[in-house]
Engineer: 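Sending over a structure as structure tokens; questions will come in a sec.
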4 protein chains.
Amino acid sequence: MNPPARRTGRPRSAEADRAILDATRAALVELGWSKVSMGDVAARAGVAKTTLYRRWANKNELVVDAVAAVFDEGLELPDLGCLQADIEAVVLSFARLLALPETRTALMAVVAESTRDPALRDRIRTAIVDRQKRLVLVGRERAQERGELPREQDPETAARTADLIFDMIAGAVVHRVLVSAEPVDTEWARGFTALLLHGLAAGLTLAPSGARPPRND
Amino acid sequence: MNPPARRTGRPRSAEADRAILDATRAALVELGWSKVSMGDVAARAGVAKTTLYRRWANKNELVVDAVAAVFDEGLELPDLGCLQADIEAVVLSFARLLALPETRTALMAVVAESTRDPALRDRIRTAIVDRQKRLVLVGRERAQERGELPREQDPETAARTADLIFDMIAGAVVHRVLVSAEPVDTEWARGFTALLLHGLAAGLTLAPSGARPPRND
Amino acid sequence: MNPPARRTGRPRSAEADRAILDATRAALVELGWSKVSMGDVAARAGVAKTTLYRRWANKNELVVDAVAAVFDEGLELPDLGCLQADIEAVVLSFARLLALPETRTALMAVVAESTRDPALRDRIRTAIVDRQKRLVLVGRERAQERGELPREQDPETAARTADLIFDMIAGAVVHRVLVSAEPVDTEWARGFTALLLHGLAAGLTLAPSGARPPRND
Amino acid sequence: MNPPARRTGRPRSAEADRAILDATRAALVELGWSKVSMGDVAARAGVAKTTLYRRWANKNELVVDAVAAVFDEGLELPDLGCLQADIEAVVLSFARLLALPETRTALMAVVAESTRDPALRDRIRTAIVDRQKRLVLVGRERAQERGELPREQDPETAARTADLIFDMIAGAVVHRVLVSAEPVDTEWARGFTALLLHGLAAGLTLAPSGARPPRND
DNA sequence: AATTAATCGAGACGGTACGTCTTGTCTTGGA
DNA sequence: TCCAAGACAAGACGTACCGTCTCGATTAATT
């Protein structure tokens, strides 16, 4: 992303980077968002406050990056051989992440803050949203190879659909966990995935013909 | 909160209450949650900080109360004669609500705060979530009467399904607007509704061969 | 000086004022000017940093006032019955003050700072210089009553003379102690006072035979 | 940048030295002692901070060196044929020096610093004080040759008197300019010189009898 | 009408974190 | 071998806000 720039002077310590992000996550777990202070993070990381501010403009930006790393590590898309299983797995893996108080608190705090801070919103977008969108892209590609999904010719339509699916999956999980405040368990994940795959109207399509009820949960 | 007690002495000013809540909302819109300060709200309301703290224990409580009213209006479910149109309408109506900086900021602020405060989470659930869930129930009832959706016999399953649909609709819209930070317009609402009604697999089902239903497990 | 102003609100704590100035002087003695920090003073005084900054704009101003109080307490003009004894006493009392490291350091630091900061210079003038000038005025009044000095009719000339004498006494002592870095002892005080009273030319006038001194105006 | 030869690591020493000292003086004038920072000086001089620290141990040492040169020029004692004129001339010449912000700031900065640093005080004594003391010696010698002043037999007493006079002249001027913050003009110089020559008591001693005494202010 | 007691505005209080600055040292790569 | 550039640990600076605490001045309902 920024290979130019850095030319002269002492290079920044990669070790410090790591220590700071680790310390931030640890502090987040222990204290919760609002009680994490830059000074405390610096002390935990064995680093001067200056070193934090040289890398991140403020607490929000630091926490976004710390949270982004959690998402990078916490979310995976195992190839389970069928689209439904893949989606269920990623839903559960996302839910597991949001079940941790520090992830939950930090993510929402940062999103809330971003409603008034465009720079922060951009950082969230690039550091978290865009990176996790890859899960949708990879999942779709696999499903298309398996013949479970058709290939979209128009790349723009394909991109729009991917965005839509991402918002639907992430949005439903976040809303269930944070707003409705109900757990996301295997049963919910299965119902959600079925609905996402076959739609609300599925039951109707099949029902009239015979006895089979919709597989809607 | 509690009617008793008040006997002698000067009664609290109702006007002050109103001025404070108005000032809080105004400050929230202008500054965003984290930059709203009690001192600032007091100054806007032409009131002393003491007067705020005499009524609300802290910033959170004040903001929640200030925000609560906003969500009581704003969402309606017009009967447009077909399920798809009804869903699209409610999606757009919700999006319109979230497009106001006031609502957007307030909602996220309160939700973020609630990740740390179970009492606040309950308050949100009863004051906002449960009240809006009726939209799903009403919409489903209408669709069933029109024959667009089958009637679910088991009431528990029916309730679970309603919750799921609510989380999917509200979650997708919120995520689109606040996290992905993209607008919810008619086109998006249409795409979302189609996906919700017919599912991801629909393209495959309808496009290539013809009658073949999803063979999904 | 400012009887108006203060009308509403909680009045400032006189106790805090005292505690802060005491703490400042104590810190000055222990640590020396450059190592005194506002936070440290606040902690010693059992007071919040805010309380310091509500009264003094910065460290310099605080130290000026702390030093001024030392001068107020440390300098007196005992009535010893004759002008020469009075002057010698005040010279020695001033020298005793400057012998303390904290007074010396603090005074010079503040004066040095004031060469670039007009506000600070004014504060020094009103808080220290003008207040100690009273010693000259009182001493002259006494000497005039005793008949040791003539009464000046023109008040402007009288004021100018007082300023001149003040600069000569204070300047000589400060220069001796701080620049020449030699002690001011009884012997020096006696020599200085004699010179101040009778002038350089005195030796000539009284001593040798009678070579007429210069007719210098 | 520089024509001189570069073999293996011989510093551009001379040029860098000069640039640093110039930058230090400039910064001192512009910002005042306490706001001069090593980083700023380095930047002005187009030099790395390392280079400063390779030559001077700290800020004090650097500033003292930067300032030292200023006092080597600037003070002279023209032979005007009479003691009073000589004194007035040197007073005005000293005042002229202190009127320059550069000199004023630098002198006080260094003196202030010296209150905490005995080594620095010695350095000031030899580099500035002792060198200027010669003015007193020369002036006295001339006055004695003219018969304006008696010759002191005891060399020790003579030395002590010279020190006293030096402290009185330099001290009064410095105090007037820096502490009282009033200008030293011809009028003040005349009044000061008269007082120094004839003493406070002069008015009284001579006046009653009748012969016109000097109007000493 | 006088008394009473909780209200009001204003603003100082102890704390705590912020984000900036400077100091003096260390670490690069380039000449 | 030295230089410029700039990162580093340490720690003070002055500001902002929180939630509490005086103040003197209203202001109703109860005497």
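Remember, predicted model here, so these are calculated numbers, not experimental data. A, B, ... follow the sequence lines: proteins, then strands. Residue 1 opens every chain.
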Engineer: Among A/V111, A/N60, A/T115, which residue satisfies the side-chain contact (heavy atoms from CB on, under 4.5 Å) criterion with A/L120?
Structural biologist: A/N60

Engineer: Between C/L28, C/V63, C/V36, C/V47, which is the residue that forms a side-chain contact (heavy atoms from CB on, under 4.5 Å) with C/V41?
Structural biologist: C/V36

Engineer: Report the distance from atom CG of D/L62 to atom P of E/dT22, rounded to the nearest whole Å.
Structural biologist: 16 Å

Engineer: Specify the separation, in whole Å, of atom CG of A/L52 and atom P of E/dC21.
Structural biologist: 17 Å

Engineer: Would you please name every residue forming a side chain to side chain contact (heavy atoms under 4.5 Å, CB included) with C/A19, sequence neighbours left out?
Structural biologist: C/A45

Engineer: Under 4.0 Å: is that the gap between some side-chain N or O of B/S13 and OP1 or OP2 of E/dC8?
Structural biologist: no

Engineer: For the pair made of CG in C/N60 and C1' in F/dC13, what is the distance, rounded to whole Å?
Structural biologist: 12 Å

Engineer: Between P on E/dG14 and CZ on C/R44, what's the gap in Å once rounded to a whole number?
Structural biologist: 17 Å

Engineer: C/D65 pairs by salt bridge (charged side-chain N to carboxylate O under 4.0 Å, His left out) with which of C/R55, C/K59, C/R123?
Structural biologist: C/R123

Engineer: CD1 of A/I20 versus C1' of F/dA9: gap in Å, rounded?
Structural biologist: 12 Å

Engineer: Output yes when at least one side-chain N/O atom of B/T51 is less than 4.0 Å from OP1 or OP2 of E/dT7, else no.
Structural biologist: no

Engineer: So which one's nearest nucleotide on DNA chain E is more toward 5', B/V47 or C/A14?
Structural biologist: B/V47

Engineer: Nearest whole angstrom, please: distance from the P of E/dT27 to the CZ of A/R12.
Structural biologist: 18 Å

Engineer: Between A/A106 and A/V67, what is the shortest heavy-atom contact and its length?
Structural biologist: CB-CG2, 3.4 Å

Engineer: With sequence neighbours excluded, tell me which residues meet side chain to side chain contact (heavy atoms under 4.5 Å, CB included) with C/R10.
Structural biologist: none

Engineer: I'd like to compare against my own output: the B/S/- annotation of nucleotides 16-23 of chain F with a strict under-4.0 Å heavy-atom distance to protein.
Structural biologist: BSSBBBB-

Engineer: Can you measure C/E15 atom CD to E/dA12 atom C1' for me and round it to whole angstrom units?
Structural biologist: 14 Å

